[in-house]
Amino acid sequence: MIATSTNKNIKEPRITLVGAGPGDADLITLKGVKALQTADVVLYDALVNAELLELAPAHATKIYVGKRSGDHSYSQDAVNKLMIDYAINYGHVVRLKGGDPFVFGRGFEELDYAASYSIPAQVIPGISSSIGVPGMQHIPVTHRGLSESFWVVTGTTANHQISPDLYQAAKTNATVVVLMGIHKLAEIAEIFKSEGKSKLPVAVIQSGSTKEEKVAIGIVDTIVEIVEEKKITSPALIIFGEVVSLHPQFAPIKEFYDIIAQE
């Protein structure tokens, strides 16, 4: 049951879903900043940079609602109900989500829930880590002559299994960006090996765009070992594709395999 208030000074309820970007606070959109500046309540996820909370007014209530690998402080149902409860009782709720709300962010579920209570809701897109993080490492997800398309795939489904889409993606020449798959990297690498792609370039980027960023560059055959050596863990994304060969760190790897091929 949603609580309601009799306070006549309560503002009209409204909700704004805001994409916070991949981590660097400066990567939020100007429209996202403006939304935060008018917030009465901010419900924020674990991957949101805490600096962004300072953009909200001093009176605004700020509530952490978890939502990251291994940390589900609130169920999606609980988040939905909180969002409605605070909108009805306080006014403008900003639902601040890492990356983009509609790229594995379950944003439409929240939008749909708001509509079920006839509460106006707006969506402000954010830079998805699936595109922004590779780009900041000078890895284009598409590049003429190397990749004409890209897949963005979850590494782990709701039932903790490898996504069936990965098996299909591995058959293509597209760039494949895997989110939430670092803990299944070895299994995912085997999928690409089974398609004869053991020498395909791979990048793994942890905490992209932040001070904690770590990068591992290799090929399908070696990436698991390199990731273990660098102690890379979540949050991290994986990029499979020839476009990774454009990263400066790949040059010595290519040179090494070119020499072996000549022997």
Side-chain angles (χ1 to χ4, degrees), residues 16-39 41-58 60 62-71 73 93-107 110 122-143 150 152-155 175-182 202-217 227 230-239 241 243-244 246-250:
T16 307
L17 305 186
V18 178
D24 182 340
D26 289 342
L27 293 178
I28 192 172
T29 64
L30 180 57
K31 193 166 187 176
V33 170
K34 290 178 179 178
L36 281 168
Q37 289 173 336
T38 62
V41 178
V42 181
L43 301 179
Y44 64 99
D45 285 347
L47 297 180
V48 167
N49 192 317
E51 292 177 25
L52 294 175
L53 301 178
E54 298 173 9
L55 296 172
K62 302 161 182 96
I63 302 165
Y64 169 73
V65 290
K67 312 293 290 181
R68 74 180 297 173
S69 176
D71 176 15
S73 299
V93 173
V94 169
R95 179 69 178 97
L96 191 60
K97 306 169 77 70
D100 179 88
F102 285 179
V103 181
F104 298 116
R106 303 185 71 172
E110 297 172 0
Q122 178 185 19
V123 179
I124 299 178
I127 297 173
S128 171
S129 62
S130 61
I131 300 173
V133 167
M136 294 180 76
Q137 280 294 324
H138 297 193
I139 300 174
V141 291
T142 62
H143 184 70
F150 64 95
V152 180
V153 186
T154 179
T175 303
V176 181
V177 181
V178 183
L179 304 182
M180 299 172 286
I182 188 65
V202 186
V204 178
I205 306 171
Q206 173 189 319
S207 302
S209 82
T210 73
K211 294 177 182 178
E212 290 74 40
E213 184 176 78
K214 292 182 182 180
V215 181
I217 304 291
V227 164
K230 291 181 174 285
K231 295 181 171 58
I232 289 178
T233 186
S234 61
L237 57 77
I238 313 162
I239 310 155
V243 292
V244 177
L246 301 173
H247 192 280
Q249 290 182 29
F250 194 80

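With a 4.5 Å cut-off on side-chain heavy atoms, Pro22 and Leu27 count as touching. You'll find the side chain of Leu17 reaches within 4.5 Å of the side chain of Glu110, heavy atoms only. Phe150 has its side chain out of reach of Val176: every pair of non-hydrogen atoms, C-beta onward, lies at least 4.5 Å apart. Asp100 has its side chain out of reach of Ile127: every pair of non-hydrogen atoms, C-beta onward, lies at least 4.5 Å apart. A heavy-atom distance below 4.5 Å is not found between the side chains of Ile182 and Leu237. Taking 4.5 Å as the limit, some side-chain heavy atom of Arg95 sits within range of a side-chain heavy atom of Val65. Contact annotation: the side chain of Ile139 never approaches that of Leu246 to less than 4.5 Å [non-hydrogen atoms, C-beta and beyond]. Side-chain atoms of Val153 and Val177, non-hydrogen and from C-beta on, never get closer than 4.5 Å to each other.
Listed here is the closest heavy atom pair of Phe250 and Val244: CB-O, 3.8 Å. Shortest non-hydrogen contact noted between Val227 and Ala216 is CG2-CB, 4.0 Å. Nearest heavy-atom pair across Pro134 and Ile131 is CD-O, 3.4 Å. Nearest heavy atom pair, residue Ala20 against residue Leu52, reads CB-CD1, 3.7 Å. Contact between Glu213 and Ser209 at its shortest, heavy atoms only, is OE2-N, 2.9 Å. For the pair Ile124 and Ala35, the tightest heavy-atom approach, listed with the atom from each and the gap, is CD1-CB, 3.8 Å.
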Query raised in the report: Going through the checks in order, is the side-chain contact (heavy atoms from CB on, under 4.5 Å) test met by Thr175 and Ile239?
Result: CA-CA 7 Å; Thr175 303; Ile239 310 155; 3.8 Å; yes
Requested in this report: Report the C-alpha separation of Thr142 and Val243 in whole Å, then their side-chain angles, then the decisive distance to 0.1 Å, and conclude whether the side-chain contact (heavy atoms from CB on, under 4.5 Å) test is met.
Outcome: CA-CA 7 Å; Thr142 62; Val243 292; over 6 Å; no
Query - Trace of the side-chain contact (heavy atoms from CB on, under 4.5 Å) decision for Thr16 with Val93 - result: CA-CA 6 Å; Thr16 307; Val93 173; over 6 Å; no
Query - CA sep, side-chain torsions, deciding dist, call: Leu43, Val94, side-chain contact (heavy atoms from CB on, under 4.5 Å) - result: CA-CA 6 Å; Leu43 301 179; Val94 169; over 6 Å; no
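A distance of 11.0 Å separates CD1 of Ile238 from CD1 of Ile205, quoted to the nearest 0.5 Å. Taken to the nearest 0.5 Å, the NE2 atom of His247 stands 4.5 Å off from the CD1 atom of Ile217. Note: Asp24 CG to Met136 CE = 5.5 Å, rounded to the nearest 0.5 Å. Between the OH atom in Tyr64 and the CG atom in Leu53 there is a gap of 12.0 Å [rounded to 0.5 Å]. Atoms CE and OG1, on Met180 and Thr154 in that order, are 3.5 Å from each other to the nearest 0.5 Å. Separating the OH atom in Tyr44 from the CD1 atom in Ile63 is a distance of 9.0 Å, to the nearest 0.5 Å.
Under the 3.5 Å distance criterion, the side-chain polar atoms of Asp45 are left unmatched by any main-chain donor or acceptor of Leu47. Lys97 places a side-chain N or O within 3.5 Å of a backbone atom of Gly105 that can act as its donor or acceptor partner. Checking side-chain atoms of Ser128 against main-chain N and O of Ser130 turns up a donor-acceptor pair under 3.5 Å. With Lys214 contributing its side chain and Ser207 its backbone, the two residues share no donor-acceptor pair below 3.5 Å. Checking side-chain atoms of Gln206 against main-chain N and O of Thr233 turns up a donor-acceptor pair under 3.5 Å. Under a 3.5 Å cut-off, the side chain of Asn49 and the backbone N or O of Gly23 do form a donor-acceptor pair. No donor-acceptor pair closer than 3.5 Å links the side chain of Ser129 to the backbone N or O of Gly99.
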